[in-house]
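A short write-up of the structure that comes next.
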Amino acid sequence: MTRERIENGIILGLRITGMIFFFIVVAFPFYWMIVSSFKPLEEMLLNPGNLGLSINKINFKAYYEVLFEHDFSRYIFNSLYVSIATVLLSVSLATIGGYAVTRLHFRGQKVMSLSILLIYMFPAIVLVIPLYVLFSKMGLRDSFHVLILVYLAQTLPVALYMLRSYFQTLPVELEHAGMIDGCSRLGVILRIVVPLSAPALATVALYTFMIAWNEFLFAFMFLDSPEKFTLSRGVVQLADSVHLSKQLVMAASVMVSIPIIILFFVFERHLVRGLTAGALKG
Amino acid sequence: MPALTLKGIFKRFGKVQVLKGIDLEVNHGEFCVLLGPSGCGKSTLLNITAGLFKQEAGTVLIDGQPVDHLSPRERDIAMVFQSYALYPHMTVAGNLSFGLRMRKVPKQTIIEQISETAQLLGIEDLLDRKPSELSGGQRQRVAMGRALVRRPKLFLLDEPLSNLDARLRANVRLELKRLHQQIRGTIIYVTHDQIEAMTLGDRVVVMKEGEIRQVDLPKVIYSEPQDTFVAKFIGSPEMNLYQGEIIHKENQVSFKGNGFMLELKGVGKEIEQGEAELGLRPEDIEIGADPARLPVKVEITSHVGSENFIHGRIGNETITIRVSKDEYPKPGSEVFLKINPNRIHLFRGGLRHPLVKL
Amino acid sequence: MERKSPTFADNEARLAFWLLVPTVTVVLAFVLFPMAWNIWLSFKPVTLADLRGESLLRFNFSLSNYTKVFLDPEFGSVLLTTLVYTISGSLLSILLGLMAALLVHGEFAGRGLVRALFISPYIAPVVAVTFTWSFILDPQLGVINWLGMNQGLWAQPIPFLSQRFWEFNILGLSLRIPLALTSVIIFEGWRYFPFALLFILARLQAIPQDLYHAASVDGATPFQKFFHLTLPQLAGVLSTLFLFRFIWTLNKFDDVFLLTRGQAGTKVLTIKVYDFAFGEFNMGASSALAMVLFGILSIFLFIYFRWMVKER
């Protein structure tokens, strides 16, 4: 038995145990979240340790309650509205901004690039409080539009950075050809750069959607009226109501998670590229 | 006992059969060159010898011992990669000593062996530098040094000169030959460059599409190519090769090509009539003014400095002829071929047909 | 003097300006302004009346907020908790990320799916994962406690997220660990290891195969190849990862808040900032503490870049 063969054996053993370990550790919370959401209340109280769930016990009561008795159908709509609005605005502004930083020469170009990343050093809690105070005084606090603006502020720097990196790989000659053919700069952006950047734009859209959809702190601090709650805010509301049972919270959690998980599995490659493309808000 | 024996090596990648039954013996101290176009399997063969790839069938024997079950580490070989594969985060000294360190050789021995090898290759001053700080030529030496320092049974070199510029290549080629004479190691050298093969090899193995076409001394491969592939692959400019047939006319054996007829004086009637391919190397043809010979219509002349080449037509075929640097026939003129009967190559069915001379 | 018609360069600069104005405005308003506000507020003693009235803008410089912050009885422990949380959380997530990257690296069937699964903790919404973990760790209803007691591993349910310390005996030694803090740190590792995984994986895949072949021929065993080839090549990405994770864990609020509300020894700086603002309604102290947090960040960055320059 050579040393190499021994080591290869150990490595194989480590690999298998490692895979099992990670698989369980990563998947279990999600598994539990889903399974618990389908458990009837008695089942959960009597058998908290039951790892499985028999098919005939599956019950959608939790989902029904959450959606209809606790207004989650509205919250879903709110979250969708806020997230999609953020995505549209973020992609548009980051596209033109990214183009400006890449192609157009102006003083302070380098400063811009660096400062984009510095923005991410600021703790959210530090930003939230002054904004809370300011918007309270202005009476603007409980509004979707402010929330969208906040999300824009959070996602624009990275979106811009990602698109800038991508634009740098597009050959300038294409735009020159367009300008010779009679396009204005904006025309060039719309007709040439955007169509060619579809993958990068998709990545930015996905990333922005993920940030906006998952966001908790600002939604928690800013939104007061229940009809304006986003899903994140709604879940916390549900959990804080002590008298409500846990599977409602699990069902709500599943509902918040499903869209983003599905989107992710479908667009896995894009998101992975996007997540590593620039500094990401942790 | 040959240093390396390859028996019946087969290797497939996906659907492609890259090696189709290779048999080869390399003797101790021999500089053996694997020559062939890209895709012929020469690098794969090298990697299998090293133990980096596993063959489907066949055996590799080093010093008569089968090594198929041994990892590269256990085969006592060294390899120089085309990309050099220097460890970027280690200094030159670190790169050179890596193999020795992995085998737990005592530190003093390592230091001695490294400085010896470094002196041999002229890189003593570079020991503290990192690969990124070296030129291409220096990196190449370090790669060679890494192989030399371990004094293995077998040296495997995979196109080590291909990343160097032409002039450097020529210099390093000579150094390699000098090195080989000094260390007397067994070297298996892979290249697609026939000049390298001819100048460096004690023996050349010409490969095509996973098969060995010919194994011989360089001068034999040049003067007696065993098939049309080898004939065309070796020699620059390429051998002139013509399809046609052998004809016995009157008492003379002639070759009927596409639009021309060439008398093969000095060739006996044992050569049967029928289809054949005729090969003539550009330097084996002389031109004269005797109109009794075969006319060549001159189209282009090219000059390399040390010699000139005439590119012309005989009949419907093109021909390249080497002439001295002083001869300069005008395009459009006619010259006449003079062939040395000892320098004709005849092939039938792609394979060499021996000529019996009168 | 004649007016020169705008040059191409002028036009470009002007267009660039307008294209960037929306982005810059949003970012300035929602990032730089609050930052500036914090600086302002921290040096000004602020009362609740101030917030409602106009006196907010009056400048009366004072260090009273900072005094309050530093003299707060909790300050020392909050600082320590934050450092422990930040460093351990970062290291744990990077270590797990490295292990996962080594597992996922290389070709095998179902690789894409496995990778997608491993990234889930990072992309799932924070509310979902925190509540799920709370539920799993719950003393009454949680599956971990139930299984643990059932298998006889422990007798009483362990309140993972609400108890400060936990004593246990192992091999005759009595150990006391900060329970809630440890639970939160483990959660950090779980949630953020995919970030490290992605970056390390990208770097692993960029290492040329040839190097490993050369090492094989040179006689390195698999473990030797890992320590002498792979790890040194990863050094860069690992230190960058530590930089990022440190900054972001230091700044983290959501996770800890949702898991424990900062109770049971998990009060980190960000939670204390929140406490000052919405617990004691002391905006001034809250801003001052925010500045302290920012100060720590700057010190860390300074040390880090100094160290990096030295390494070069």
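Since we're looking at a predicted model, the values are computed, not measured.
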Hits for side-chain hydrogen bond (donor to acceptor under 3.5 Å, both in side chains) against B:T91, two or more places apart or cross-chain, chain-then-number order -> none
Distance-only donor-acceptor check, side chains [X] and [Y], under 3.5 Å:
X	Y	answer
C:Y212	C:T230	yes
C:Y192	C:D255	yes
B:T191	B:K42	no

Is C:E188 paired with C:K252 through a side-chain N to carboxylate O contact shorter than 4.0 Å?
-> no
Review point. Should the pair B:R150-C:D218 be classified as a salt bridge under the 4.0 Å nitrogen-to-oxygen rule?
Key: yes
Worksheet item: Stepwise, does the side-chain contact (heavy atoms from CB on, under 4.5 Å) test hold for C:Q205 with C:L201?
Response: CA-CA 6 Å; C:Q205 287 167 340; C:L201 198 58; 4.1 Å; yes
Taking a cut-off of under 4.5 angstrom between non-hydrogen atoms, the residues of residues 102-125 of chain B near chain C are B:M102, B:R103, B:K104
Within residues 75-86 of chain B, the residues sitting under 4.5 Å from chain C by heavy atom, in sequence order, are B:I77, B:A78, B:M79, B:F81, B:S83, B:A85, B:L86
Exercise for the section: Would you kindly check if the NZ (Lys) or CZ (Arg) of C:R245 is within the cone defined by 45 degrees around the ring axis of C:F195 and under 6.0 Å from the six-membered ring centre? Expected result: yes
Compare every heavy atom of [Y] with every heavy atom of [X], then report the nearest pair and how far apart it is.
X	Y	result
B:L19	B:G41	CD2-O, 3.6 Å
B:I9	B:T59	CD1-O, 3.5 Å
C:T249	C:S90	OG1-OG, 3.7 Å

Checklist line | Derivation of the side-chain contact (heavy atoms from CB on, under 4.5 Å) call for C:T221 and C:F227 | finding: CA-CA 10 Å; C:T221 64; C:F227 283 109; over 6 Å; no
Bottom line for C:A235: the part with an atom under 4.5 Å from chain B's heavy atoms is neither
Value for CZ (C:F193) from CG (C:L241), rounded to nearest 0.5 Å, stands at 13.5 Å
Expected contact set for residues 179-187 of chain C against chain B at heavy-atom separation under 4.5 Å reads none
